[in-house]
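All figures in this text were calculated on a predicted structure; none of them were measured in a lab. Start at 1 with the first residue, then count along the sequence. Just so you know, ligand 1 is whichever comes first in the structure, and atom 1 is the first atom listed for that ligand.
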Amino acid sequence: MSFNIQKIREDFPILSRKVNGYPLVYLDNAATSQKPQQVIDSIVDYYSNYNANIHRGVHTLSQEATDAYESARQKIKTHFNAKEVYEIIFTAGTTHGINLVANGFSDILKKDDEILVSAMEHHSNIVPWQMLCDRTGADLKVIPMNEEGTLIMEEYAKLLSERTKLVFVNHISNALGTINPIEEIIQKAHEVGAAVLIDGAQSCSHIKPDFQKLDVDFYVTSAHKMCGPTGVGILFMKEEWGNKLPPYQGGGEMIAEVTFEKTTYAGLPHKFEAGTPNICGGIAFGAAIDYLNAIGFEAIEQHENELLEYATEKLLEIDGLKIYGTGHKTSVVSFNIEGIHPYDIGTIVDKLGIAVRTGHHCAQPIMDFYKIPGTVRASFAFYNTMEEVDALVNAVKKAKYMLS
Ligand code: 7TS
């Protein structure tokens, strides 16, 4: 597929609707992406034609559903270049994947071990580790960032020691758009024997990480940020960790044998997949990956970078407007206008059909760092257009005029 923006937009039924009498301009892609017809069709097809429970039936429908679900797992493995298909564990999403890993380390971490998180994490990649520290007596340390919203790598190097057991960093910050140097982060952590979890909730819609090349221990993401449905995601876990960590939940499908005296667990990935999974979600996640690859990540990145550059330039022409996150970044523009609350801007631009997110974006420590209550965040996807950037800029100007 060549990059034909109008044709791409026709794949997304929602993009032709109106909001408050204006054509929808959807710029809240960091919260969740919109879904192309191909993904919607895969959901309808599953429920219309082969809905059944998986891994347990000899009947035809169950086999068809199992094949489709497992082939989605295979597709995801290939997409991210994992070494083994069983290193891909289906989850309910990024938050679930992180909690699964945090729970797994409850009996591994000891008092006074250290775990490092970055200063720009989503609450999902802070709170589970604080809970883990409470359970184990380990200490949480923070890799600081500078004013442009970039991690200070010299400080990271200083924090690493033989006490460091785990490092958690997002690949891309949801509130700033910063792309973190995860190759270097992983390599340095491994030098002191620490494992690394990368939160890829924001990255996988923009770029295509290569798990083997990164040599990452854990990588989590959510399908709904990648044109797939909500309620499904993956946790990549290197085989050695998969064998080491205990199961997260007990139940059907995660066992080898159960008696009242003793239960033995299934191998990977089923050990971490108790209960009936989101079968349709997994299959539709596979369809979303096919869709993104048909467009191509190079084309996606190039178009999104053009949107980012244009939006940055145009927004900065507005007097008193400040952008947070000015380093190496993806197509997220977080901003405030002096003297105006972000919520008020968000409310006015919504009246003009433009969807942005306002607030702390579940990243309160970033807001504390900048001493602000929140920002207005416009997050662009490959299906957004330059005209939509213009609509945003005009709406923000209008909001400023009304609120000043
Ligand atoms: N980590 C990051 C970096 C995120 O951006 C998000 C969601 C999560 C974790 C949690 O993902 P979930 O799919 O489990 O909910 N971020 C946002 C956002 O920026 N606006 O709404 C949700």
Side-chain angles (χ1 to χ4, degrees), residues 26-35 76 89-103 117-131 142-143 145 149 151 167-182 185 196-207 209 216 218-236 248 277-278 281-282 284-285 288 304 324-325 329-335 342-343 346 350 355-367 369 374-381:
Y26 186 77
L27 304 178
D28 194 17
N29 295 286
T32 199
S33 61
Q34 296 302 345
K35 322 303 171 199
I76 293 163
I89 292 147
F90 276 117
T91 63
T94 301
T95 305
H96 176 199
I98 293 171
N99 278 278
L100 190 159
V101 177
N103 181 76
V117 292
S118 92
M120 62 174 85
E121 296 307 309
H122 186 278
H123 297 164
S124 286
N125 209 20
I126 300 174
V127 184
W129 310 119
Q130 288 174 325
M131 291 160 73
V142 180
I143 309 163
M145 67 176 196
L151 291 180
V167 176
F168 308 109
V169 177
N170 56 37
H171 197 164
I172 292 182
S173 156
N174 70 318
L176 304 173
T178 307
I179 305 173
N180 286 313
I182 61 165
I185 288 169
V196 181
L197 179 142
I198 299 295
D199 171 351
Q202 291 297 333
S203 49
C204 300
S205 54
H206 303 291
I207 50 186
V216 66
F218 305 95
Y219 197 108
V220 285
T221 197
S222 299
H224 72 93
K225 312 268 195 201
M226 304 172 63
C227 297
T230 50
V232 66
I234 55 130
L235 158 63
F236 161 80
Y248 180 40
N278 184 347
F285 190 5
E304 289 176 346
Y324 301 88
K329 64 185 285 194
T330 191
S331 51
V332 171
V333 186
S334 232
F335 63 91
Y343 180 82
D350 176 60
V356 291
R357 186 173 171 187
T358 64
H360 55 60
H361 315 298
C362 302
Q364 279 181 347
I366 298 182
M367 304 304 137
F369 175 84
T375 68
V376 181
R377 181 187 68 182
S379 50
F380 302 93

So is C362 close enough to ligand 1, meaning a heavy atom under 4.0 angstrom away?
no
Per-atom contacts of ligand 1 with S222, taking only distances under 4.0 Å to non-hydrogen atoms:
11 (O), 12 (P), 13 (O), 14 (O)
Atoms in ligand 1 flagged as close to N174, the criterion being non-hydrogen separation under 4.0 Å:
5 (O), 18 (C), 19 (O)
Would you call the rings of H171 and Y219 parallel, tilted or perpendicular if under 30° counts as parallel and over 60° as perpendicular?
perpendicular
Sub-3.5 Å donor-acceptor pair from the side chain of S334 to the main-chain atoms of A175, do we have one?
yes
Would you mind telling me which of M120, E121, M145, H123 makes a side chain to side chain contact (heavy atoms under 4.5 Å, CB included) with P365?
H123
Atoms of ligand 1 close to Q202 [distance to a heavy atom under 4.0 angstrom, numbered from 1]
3 (C), 4 (C), 5 (O), 16 (N), 19 (O)
Within 4.0 Å of some non-hydrogen atom of K225, the atoms of ligand 1 are 6 (C), 7 (C), 16 (N), 17 (C), 18 (C), 22 (C)
Just let me know how R357 lines up against ligand 1, side chain, backbone, both or neither, with a heavy-atom cut-off below 4.0 Å.
side chain
How far is atom 4 (C) of ligand 1 from the closest protein heavy atom, and which atom is that?
H122 CD2, 3.3 Å
Report yes or no: does R357 contribute a side-chain atom to a donor-acceptor pair with the main-chain N or O of S379 at less than 3.5 Å?
no
Counting heavy atoms under 4.0 Å, the part of A31 that contacts ligand 1 is both
Just let me know how D199 lines up against ligand 1, side chain, backbone, both or neither, with a heavy-atom cut-off below 4.0 Å.
side chain
Give a yes or no on whether the backbone of H224 and the side-chain of T230 come within a donor-acceptor separation of less than 3.5 Å.
no
At a 4.0 Å threshold, what atoms of ligand 1 neighbour a non-hydrogen atom of T95?
10 (C), 11 (O), 12 (P), 14 (O), 15 (O)
Here the pair of heavy atoms bringing G177 nearest to V332 is CA-CB, 3.8 Å
Closer than 4.0 Å to some heavy atom of T94 - which atoms of ligand 1 meet that?
9 (C), 11 (O), 14 (O)
Any donor-acceptor pair under 3.5 Å from K35 side chain to G228 backbone:
yes
Ligand 1 contact by H96, heavy-atom criterion under 4.0 angstrom
no
Quick check: does any side chain N or O of T94 sit under 3.5 Å from a backbone N or O of S222, one acting as donor and the other as acceptor?
yes
Non-hydrogen atom of N125 closer than 4.0 Å to ligand 1:
no
Please work out, at 4.0 Å between heavy atoms, whether the side chain, the backbone, both, or neither of H123 comes within that distance of ligand 1.
neither
Under 3.5 Å, side chain of N99 to main-chain N/O of T95, donor-acceptor pair present?
yes
Is a side-chain donor or acceptor of S331 paired with a backbone partner of E304 at a separation under 3.5 angstrom?
no
What about R377: any of its N or O atoms under 3.5 Å from an N or O on ligand 1?
yes
